[in-house]
Chemist: 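If you scroll down you'll find the structure; I have some questions about it.
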Protein chains: 2
Amino acid sequence: MGCDVMNPTFGFVTNQLKKHNIRLSNRRLKVLEYLCNNQNHPTVDQIYVNLHKDVPTLSKTTIYNTLHTLVEVGLVRVINIEDNETRYDILTEDHGHFKCDSCGKIFNFNVDLDSFTTYELSGFRIMDRNLYFKGICQRCLLNINKNY
Amino acid sequence: MGCDVMNPTFGFVTNQLKKHNIRLSNRRLKVLEYLCNNQNHPTVDQIYVNLHKDVPTLSKTTIYNTLHTLVEVGLVRVINIEDNETRYDILTEDHGHFKCDSCGKIFNFNVDLDSFTTYELSGFRIMDRNLYFKGICQRCLLNINKNY
DNA sequence: ATAAATAATTGTAATGATTACAATTATATT
DNA sequence: AATATAATTGTAATCATTACAATTATTTAT
Ligand SMILES: [Mn+2]
Ligand SMILES: [Mn+2]
Ligand SMILES: [Zn+2]
Ligand SMILES: [Zn+2]
């Protein structure tokens, strides 16, 4: 069933869509549901493979279309950490990302970027702020140490 | 001739390469020179198109190879702002990026990311830190205002 | 309710960046 | 000079993403 973690709650989402005259079709709902239930910054392919089980007629193109639409409205955020995989995040509030080079997992962490400012960008209009780190996560570090 | 802006000076670069037993071939030198002289975070294609004028036998593969090698040694940094274009930066010191959605230019700005830390990542080994903003640059904002 | 207009979805084919890999050339070692 | 190692190239393959036209669903007007 629906979203366990109702971060941008269903009401909010539907509101936003209505506001932008975007229909909440069945397919779009599926994608949104998936993003809510799997907040691990999935790729298009991951979304596709998973939803395809339930809805075999769902096409990858539709996922691309849906995501583009949702990104445009600001309900989904694009994450470009690796140059060979685009990921999507339903959490649109300000937060940073840490990607573990060992297990591949992407972690969220809190950070207040909105308040960040520098004289070098005075006169610039900042619309979008992104912060990401890379390295080895705690769990992987522990595992590595165990094996020696 | 060589690099006007010798940020990672030639000496430093050659040293680093020697240290890692990487030969400074003619092609690699060309790529390094280009990166030094054009610190606008070029794409592989931009590098290729430009160098190809002088060295028609230079292949795109070599540029990829060279960049990968340089990145591995830490002399070049990958920039993933857009999901459809990988850019490369010869400036490896800690700094942030601002990409103008209007003119496409990528600006540098100073920021101390090394000192940044959060309890949420305690126990994590952070190897790489990236901060980038998107929006409209000052010049483009001025131009937009002029036209109204 | 029916017909016309609009939006959503799909599939196919195209694009374009990146990589795999084998062949060739250059450099270093013996 | 002969051999081993590294660099470069070209071709073809891969893979994510997009373009676009055809189909289906939904809304709106009649
Ligand atoms: Mn996130
Ligand atoms: Mn830079
Ligand atoms: Zn890990
Ligand atoms: Zn601009």
Side-chain angles (χ1 to χ4, degrees), chain A residues 13-14 16-34 41-73 75-89 104, chain B residues 13-14 16-34 41-73 75-89 104:
Chain A
V13 169
T14 48
Q16 284 298 103
L17 292 177
K18 257 185 205 148
K19 195 183 288 177
H20 291 269
N21 287 318
I22 292 167
R23 211 177 289 158
L24 181 58
S25 68
N26 209 31
R27 301 297 156 98
R28 284 176 180 163
L29 180 60
K30 286 282 178 197
V31 174
L32 268 172
E33 261 182 25
Y34 184 85
H41 317 92
T43 64
V44 165
D45 202 63
Q46 282 165 4
I47 301 171
Y48 175 70
V49 168
N50 278 281
L51 291 187
H52 194 256
K53 292 176 199 159
D54 289 338
V55 192
T57 61
L58 176 69
S59 85
K60 222 174 195 173
T61 311
T62 297
I63 298 181
Y64 275 108
N65 290 340
T66 303
L67 287 171
H68 289 160
T69 307
L70 293 174
V71 167
E72 215 160 302
V73 186
L75 289 173
V76 165
R77 185 163 243 267
V78 181
I79 300 182
N80 296 308
I81 296 185
E82 302 295 343
D83 51 353
N84 57 349
E85 58 173 26
T86 304
R87 293 174 166 276
Y88 296 88
D89 197 345
Chain B
V13 169
T14 48
Q16 285 298 102
L17 292 178
K18 256 185 205 148
K19 194 182 291 177
H20 291 267
N21 287 317
I22 291 166
R23 211 177 288 160
L24 181 58
S25 68
N26 209 31
R27 303 297 157 96
R28 284 176 180 164
L29 180 60
K30 286 282 178 197
V31 174
L32 268 172
E33 261 182 26
Y34 184 85
H41 317 92
T43 63
V44 164
D45 202 63
Q46 281 165 4
I47 301 172
Y48 175 70
V49 168
N50 278 280
L51 292 186
H52 195 257
K53 291 176 199 157
D54 290 338
V55 192
T57 62
L58 177 69
S59 86
K60 221 173 195 173
T61 310
T62 297
I63 298 181
Y64 275 108
N65 290 339
T66 303
L67 287 172
H68 288 160
T69 307
L70 294 174
V71 167
E72 216 159 300
V73 187
L75 290 173
V76 165
R77 185 163 244 266
V78 181
I79 301 182
N80 295 309
I81 296 185
E82 302 293 345
D83 50 354
N84 56 348
E85 59 173 26
T86 304
R87 293 175 166 276
Y88 296 89
D89 197 346

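In what follows, every heavy atom counts, from backbone to side chain, and hydrogens, waters and symmetry copies are set aside. Numbers restart at 1 for each chain; the letters A, B, ... are given by sequence-line order, proteins then strands.
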Chemist: Looking at every non-hydrogen atom in both residues, tell me the closest pair between B:Tyr48 and B:Ser59 and how far apart they are.
Modeler: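 Heavy atoms only, the tightest pair is CE1-C, 3.9 Å.
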Chemist: Can you tell me which nucleotide in C:dT12, D:dT8, C:dT9 comes closest to the side chain of A:Thr61?
Modeler: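 My answer, after comparing the listed nucleotides, is C:dT12.
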Chemist: Nearest to the side chain of A:Asn65, which nucleotide is it out of D:dG10, D:dA7, C:dT9?
Modeler: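 Given the options D:dG10, D:dA7, C:dT9, the side chain of A:Asn65 is closest to C:dT9.
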Chemist: Does A:His68 have a side-chain nitrogen or oxygen under 4.0 Å from the phosphate oxygens OP1 or OP2 of D:dT17?
Modeler: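 Checking A:His68 against D:dT17: no side-chain N or O falls below 4.0 Å of OP1 or OP2.
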Chemist: Examine C:dT6: is either OP1 or OP2 under 4.0 Å from a nitrogen or oxygen in the side chain of A:Arg23? Give yes or no.
Modeler: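 Answer is no, no contact under 4.0 Å.
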Chemist: For the side chain to side chain contact (heavy atoms under 4.5 Å, CB included) test, which of A:Asp45, A:Leu58, A:Thr43 pairs with A:Ile63?
Modeler: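 The single option meeting the side chain to side chain contact (heavy atoms under 4.5 Å, CB included) with A:Ile63 is A:Leu58.
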Chemist: Does the B:Asn80 side chain pair with the main chain of A:Ile81, one donor and one acceptor, at a distance under 3.5 Å?
Modeler: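 Looks like yes, one N/O pair under 3.5 Å.
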Chemist: Whole angstroms only, please: what is the CD-P distance between B:Gln46 and C:dG16?
Modeler: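 Atom-to-atom, B:Gln46 to C:dG16, this comes out as 15 Å.
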Chemist: Please state how far atom CG in A:Leu70 lies from atom P in C:dA8, giving the value in whole angstrom units.
Modeler: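 Interatomic distance, CG of A:Leu70 to P of C:dA8: 11 Å.
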Chemist: If you take all heavy atoms of B:Lys30 and B:Val55, which pair is closest and at what distance?
Modeler: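 Distance-wise, the nearest heavy atoms are CE-CG2, 4.0 Å.
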Chemist: How many Å lie between OH on A:Tyr64 and C1' on D:dC20, as a whole number?
Modeler: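 Rounded to whole Å, this separation is 17 Å.
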Chemist: Could you pick out which residue, A:Lys60 or B:Ser25, lies toward the 5' side of DNA chain D when each is mapped onto its nearest nucleotide?
Modeler: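 Closer to the 5' end of DNA chain D: B:Ser25.
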Chemist: Let me know the distance between CG of B:Leu67 and P of C:dT18, rounded to the nearest Å.
Modeler: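 Those two atoms, CG and P, are 10 Å apart.
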Chemist: Want to settle it: does A:Glu85 or B:Asn21 sit nearer the 5' end of DNA chain D, counting the closest nucleotide to each?
Modeler: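 It is B:Asn21 whose nearest nucleotide is closer to the 5' end.
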Chemist: A:Thr66 near the nucleic acid: base, sugar-phosphate alone, or nothing, with a heavy-atom cut-off under 4.0 Å?
Modeler: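 Touches nothing.
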Chemist: Give the rounded distance in Å between these two atoms: OH of A:Tyr48 and P of C:dG11.
Modeler: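 Answer to the nearest Å: 8 Å.
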Chemist: Mind calculating the distance between CD1 (A:Ile63) and C1' (C:dA8) to the nearest angstrom?
Modeler: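 Value for this atom pair: 15 Å.
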Chemist: Counting just side-chain N and O atoms, does B:Thr86 come under 4.0 Å of either OP1 or OP2 of C:dT18?
Modeler: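 The answer is yes; a side-chain N or O of B:Thr86 sits under 4.0 Å from OP1 or OP2.
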Chemist: Scan B:Thr43 against the nucleic acid and name what it touches under 4.0 Å (heavy atoms): base, sugar-phosphate only, or nothing.
Modeler: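 If one applies the 4.0 Å heavy-atom cut-off, B:Thr43 turns out to touch nothing in the nucleic acid.
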Chemist: Mark yes or no for whether A:Arg87, through its side chain, and A:Ile79, through its backbone, hold a donor-acceptor pair below 3.5 Å.
Modeler: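 No: the side chain of A:Arg87 does not pair with the backbone of A:Ile79.
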Chemist: Starting from P on C:dA7, measure out to CG on A:Leu29 and report it in whole angstrom.
Modeler: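 From A:Leu29 CG to C:dA7 P: 21 Å.
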Chemist: Rounded to the nearest Å, what distance is computed from the CG atom of residue A:Asn80 to the C1' atom of nucleotide C:dA17?
Modeler: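 Nearest whole value for this atom pair: 14 Å.
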